[in-house]
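Source: prediction; values computed, not measured. Just the heavy atoms: all of them, side chains too, but no hydrogens, waters or symmetry mates, feed the values below.
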Amino acid sequence: MFVDKDFDGCASKAYYAAFHAVTAWFLLKARFFKKHSALEAAVHRDLVHAGLWGPELGRDYIYLMDRRGAGDYGRGGHVSDEDADVALEAAARIIEAVHKLAPDEFPWPSGA
């Protein structure tokens, strides 16, 4: 287990880490979204369906949005310790995928 206490907060922060990474990538393409749902649609349309990402990353993004809804708003209950761990792993995969799309703009930390 990676998370020790605040599972709701962890899931929310994991989502926002992925959200900001994806948002930054789209900004490089001069694309800006005002709603979370619009960014989610762009992830699927412009990354997954375009073949830049595999479908598992699209599922990761949906999972993170869902767990953020639970963590921030209690939708469907609260986040479990297992869900928080999965959220962290999903966010890490998305951040790594953004790095792979634009390694010069999003360098990977040394030692990571």
Exercise for the section: Could you state whether Leu52 and Val48 fall into the same hydrophobic cluster, counting links through intermediate Ile, Leu, Val, Met, Phe, Trp or Tyr residues with side-chain heavy atoms under 4.5 angstrom apart? Expected result: yes

Exercise for the section: Please name the pair of heavy atoms, one in Ala87 and one in Tyr63, separated by the smallest distance, quoted to 0.1 Å. Expected result: N-CE2, 3.8 Å

Handout entry: Any donor-acceptor N/O pair, Asp8 side chain to His78 backbone, under 3.5 Å
Key = no

Handout entry: Test item: Val98 and Trp53 side chains (from C-beta on) under 4.5 Å apart, heavy atoms
Key = yes

Problem - Within one Ile-Leu-Val-Met-Phe-Trp-Tyr cluster: Ile95 and Val22, side-chain cutoff 4.5 Å - result: no

Exercise for the section: Anything under 30° is parallel, anything over 60° is perpendicular, the rest tilted; go ahead and classify His49 against His44. Expected result: tilted

Fill in the blank from the handout: Distance col, row His20:NE2 vs Tyr15:OH, nearest 0.5 angstrom, shows 8.5 Å

Practice task
Dump the intermediate steps for side chain to side chain contact (heavy atoms under 4.5 Å, CB included) on Tyr16 and Arg68, then the final yes or no.
Solution key: CA-CA 9 Å; Tyr16 277 107; Arg68 177 212 169 221; 2.8 Å; yes

Exercise for the section: Assign the ring pair Phe33 / Phe26 to parallel, tilted or perpendicular, where the plane angle (0 to 90°) is split at 30° and 60°. Expected result: perpendicular

Handout entry: Single-linkage hydrophobic cluster Leu27~Leu47, side-chain heavy atoms < 4.5 angstrom
Key = no

Handout entry: Nearest heavy atoms of Leu28 and Ala102, plus distance in Å
Key = CD1-CB, 4.2 Å

Fill in the blank from the handout: For Val79 and Ala70, the nearest pair of non-hydrogen atoms, with its separation, is CG2-CB, 4.1 Å

Exercise for the section: Please find out if less than 6.0 Å separates the ring center of Phe19 from that of His36. Expected result: yes

Handout entry: Contact summary for Leu64 and Ala14, nearest pair of heavy atoms
Key = CD2-CB, 4.0 Å

Problem - From CH2 (Trp25) to CG (Leu101), nearest 0.5 Å - result: 5.5 Å

Problem - Value rounded to 0.5 Å, distance of SG in Cys10 from CG in Asp85 - result: 7.5 Å

Handout entry: Nearest-0.5 Å distance, NE2 of residue His99 to CH2 of residue Trp108
Key = 6.5 Å

Exercise for the section: Kindly compute the distance separating CD (Glu96) from CG (Leu57), expressed to the nearest 0.5 Å. Expected result: 9.5 Å

Practice task
Output yes when Asp46 and Arg31 qualify as a salt bridge under the 4.0 Å nitrogen-oxygen rule, no when they do not.
Solution key: yes

Handout entry: Closest non-hydrogen atom pair, Ala18 against Ile94
Key = CB-CG2, 3.8 Å

Exercise for the section: Drop me the distance from Asp66's CG to Tyr61's OH, to the nearest 0.5 angstrom. Expected result: 13.0 Å

